[in-house]
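A quick write-up on the structure given underneath.
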Amino acid sequence: MDNIFEVEKLNSLRNEMTHLWGSVFVTAGGTIALILEHNKSALTYLFIIAGFLFTLLMVNAYFIRRNEVVKILKDLEAER
């Protein structure tokens, strides 16, 4: 029974990682587009900084989830 929970948790974490990775690409792409814009205003600089910070935040969350996945996989392998 505990094994089923671990597998479901693993699937949930992998799904969340997929969403985070997609969000990183969208946010980083938008930030790069704003950086390449010619007419920059104060609001544009604010969005560039916010995009950079959100990208870093999501990359950090992705690697935290990745570490959880690795730990669960090691636990499942040890149970075999």
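The basis for the numbers below is simple: all heavy atoms, side chains too, and nothing from hydrogens, waters or symmetry mates. What you are looking at is a predicted structure, and each value in this text was computed from that prediction instead of being measured.
- Within the model, atoms CG of Leu34 and CD1 of Ile49 stand 11.5 Å from one another, a figure rounded to the nearest 0.5 Å.
- Ile35 and Val24 fall into different hydrophobic clusters, where Ile, Leu, Val, Met, Phe, Trp and Tyr residues are linked whenever their side-chain heavy atoms come under 4.5 Å apart, directly or through other members.
- A single hydrophobic cluster is seen to contain both Leu20 and Phe63, as judged by linkage of ILVMFWY side chains at heavy-atom distances under 4.5 Å, directly or through other members.
- Within the hydrophobic cluster formed by Ile, Leu, Val, Met, Phe, Trp and Tyr side chains joined at under 4.5 Å, directly or through other members, Leu56 is accompanied by Phe52.
- Applying the side chain to side chain donor-acceptor pair (under 3.5 Å) test to residues at least two apart or on different chains, the pairs with a partner in residues 33-45 are Ser41-Thr44.
- Atom CG in Leu53 sits 11.5 Å away from atom OG1 in Thr27 (nearest 0.5 Å).
- Both Phe25 and Leu57 are part of a single hydrophobic cluster, where members link through side-chain heavy atoms under 4.5 Å apart.
- Annotation: the span from Trp21 atom CH2 to Arg66 atom CZ amounts to 10.5 Å, rounded to 0.5 Å.
- To the nearest 0.5 Å, atoms CG (Asn11) and CD (Glu6) are separated by 11.5 Å.
- Sorted pairs that involve residues 48-62 and meet side chain to side chain donor-acceptor pair (under 3.5 Å), not counting sequence neighbours, are lacking altogether.
- No continuous path of hydrophobic side-chain contacts links Met58 to Ile48 [ILVMFWY only; heavy atoms under 4.5 Å].
- Within the structure, the salt bridge (charged side-chain N to carboxylate O under 4.0 Å, His left out) test picks out the following pairs touching residues 10-36 (sequence neighbours left out): Glu16-Arg65.
- Evaluation of the salt bridge (charged side-chain N to carboxylate O under 4.0 Å, His left out) test over residues 45-58, restricted to residues two or more places apart or in two chains, returns none.
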Next on the checklist: Let's go through Leu73 and Glu77 carefully: what are the C-alpha distance in whole Å and the side-chain angles of both, what is the deciding distance for side chain to side chain contact (heavy atoms under 4.5 Å, CB included) to 0.1 Å, and is it a yes or a no?
Outcome noted: CA-CA 6 Å; Leu73 287 174; Glu77 185 179 15; over 6 Å; no
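- In this structure, CD in Glu68 is found 8.0 Å from CD1 in Ile64, a value given to the nearest 0.5 Å.
- Side chain of Ser12 to backbone of Glu8: no donor-acceptor contact under 3.5 angstrom is found.
- For the atom pair NZ (Lys9) and CD1 (Ile4), the distance works out to 16.0 Å, reported to the nearest 0.5 Å.
- Applying the salt bridge (charged side-chain N to carboxylate O under 4.0 Å, His left out) test to Lys71 and every residue at least two apart in sequence or in another chain returns Asp75.
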